[in-house]
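For this chain, numbers begin at 1 and follow the sequence in order. No experiment lies behind these values; they were computed from the predicted model shown. What's counted below: heavy atoms across the whole structure, side chains too, no hydrogens, waters or symmetry copies.
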Amino acid sequence: MPEPSSQQSRGAVAGTGMGGAMDLAAGEAATLERVPGGPAGGGPRSLWSDAWRDLRRNPVFLLSALVILFLVFISVWPSAITSGNPLDCDLAKAQDGSAPGHPFGFDGQGCDVYTRTVYGARTSVTVGVCATLGVALLGSVLGGLAGFFGGAWDAVLSRITDVFFAIPVVLGGLVLLSVVTSNSVWPVVGFMVLLGWPQISRIARGSVITARQNDYVQAARALGASPARLLLRHIAPNAVAPVIVVATIALGTYISLEATLSYLGVGLKPPSISWGIDISAASPYIRNAPHALLWPSGALAITVLAFIMLGDAVRDALDPKLR
């Protein structure tokens with residue numbers, strides 16, 4: 001008797017009903033595991049590859065990313081789009097409108113608004129990025145350890161977090177930064193990290209508590225994995241997504257907070273270049289020279305909006321429930 005072909009054998013296996021829908025042919029199972037568009041058919045997709053694929057197709061992400069890349073570019077090389085000096089002012093031109101080579105006009109001190117707006121991006125991006133990195137690092141470490149170990153460490157950290165949450169941010173800035181005489185950005189960054197880490201800490205704590213209950217963590221613990229390996233290799237990579245989302249959205253908030261504190265006179269101080277300083281200086285002349293207030297305010301609004309839109313796009317891509 002001739003031996004049955006491989007196709008007949010697979011059909012016989014499927015026809016037995018053993019295992020129901022799980023009795024797929026080997027070729028069909030391999031097809032289901034392939035990723036369209038991947039290399040040579042691809043392999044199984046991860047959360048990050050799915051998120052990147054969604055982000056590349058999201059026009060909101062592309063638009064906000066282009067704006068942010070432009071801001072980073074002019075922050076590093078402001079001389080690429082302006083040849084003026086932001087501290088070079090001429091009182092004879094105070095409150096004048098636009099002129100050749102000065103498209104945004106002049107402020108109340110005769111300084112070129114265009115040049116100061118361009119150089120102001122450096123301060124805002126530096127403060128936002130440094131504050132976000134500091135907040136994300138400190139909050140993730142403290143919250144992750146509290147969520148992983150629990151017990152007394154978790155209880156103490158939760159009470160400390162509640163204390164910091166009770167401090168109004170603007171009022172705390174007025175009190176703490178009013179005694180600082182430095183004109184650098186680091187006191188402002190330190191203040192934001194001091195009052196900003198509790199939010200990230202709570203997010204990281206809840207994410208770690210959820211991740212440590214998964215089966216793969218329990219299996220690694222049963223196999224003898226050390227606490228450090230469990231936290232760094234198995235829990236942290238799967239708990240970091242919510243932290244990234246919150247930190248991305250918070251970056252725009254920190255830029256706005258720096259401008260607010262500088263406007264109130266307790267953040268950066270002249271001769272530093274900041275959108276908040278320029279907005280504060282232009283406020284008394286809003287009727288005679290509204291352009292001096294319009295351009296730095298518009299740049300601040302566009303920057304904050306770009307980071308918020310970027311954070312929303314990242315949140316939609318990393319949250320499977322929103323797909």
Is the backbone N or O of [Y] less than 3.5 Å from a side-chain atom of [X], with the two atoms forming a donor-acceptor pair by type?
X: D88; Y: G84; answer: no
X: R205; Y: G144; answer: no
X: R212; Y: G147; answer: yes
X: S280; Y: G276; answer: no
X: T126; Y: R122; answer: yes
X: S256; Y: G252; answer: no
X: H291; Y: F106; answer: yes
X: W197; Y: L194; answer: yes

Pairing donors with acceptors under 3.5 angstrom, does anything connect the side chains of [X] and [Y]?
X: T123; Y: E258; value: no
X: S274; Y: S272; value: no
X: Y216; Y: N214; value: yes

| message | Show the nearest heavy-atom pair for residues P187 and S182, with the distance to one decimal. | response |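 Nearest pair, atom of P187 first, then S182: CG-CB, 4.0 Å.
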| message | Looking at every heavy atom in both I167 and G172, which two are closest together, and how far apart are they? | response |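 I167 and G172 have their closest heavy atoms at CG2-CA, 4.3 Å.
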| field | Co-membership, hydrophobic cluster, residues L145 and V193, 4.5 Å side-chain | value |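 Cluster IDs for L145 and V193 match.
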| Do I302 and Y114 share a hydrophobic cluster, counting only Ile, Leu, Val, Met, Phe, Trp and Tyr and linking them when any side-chain heavy atoms are less than 4.5 Å apart? |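 Yes; Y114 is reachable from I302 via cluster members.
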| field | Passing candidate, side-chain hydrogen bond (donor to acceptor under 3.5 Å, both in side chains) with T82, options D112, T117, T115 | value |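 Looking at D112, T117, T115, the match for T82 under the side-chain hydrogen bond (donor to acceptor under 3.5 Å, both in side chains) is T115.
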| For Y285, all residues meeting ring-ring contact (aromatic ring centres under 6.0 Å, His included), sequence neighbours excluded |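 Partners of Y285 by the ring-ring contact (aromatic ring centres under 6.0 Å, His included) criterion come out as none, since no residue qualifies.
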| message | Set out, in order, the CA-CA distance, both residues' side-chain angles and the distance that settles salt bridge (Lys or Arg N to Asp or Glu O under 4.0 Å) for D312 and R315, then state yes or no. | response | CA-CA 5 Å; D312 288 341; R315 179 199 60 195; 3.8 Å; yes
| query | Under 4.0 Å between a Lys/Arg side-chain N and an Asp/Glu carboxylate O for R202 and D162? | reply |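 A salt bridge links R202 with D162.
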| said: Using the rule given for ring pair (Phe, Tyr, Trp, His ring centres under 6.0 Å), can you reason through W275 versus Y263, listing the C-alpha separation, both sets of side-chain angles and the distance that settles it, and then say yes or no? | reply: CA-CA 8 Å; W275 290 334; Y263 178 85; over 10 Å; no
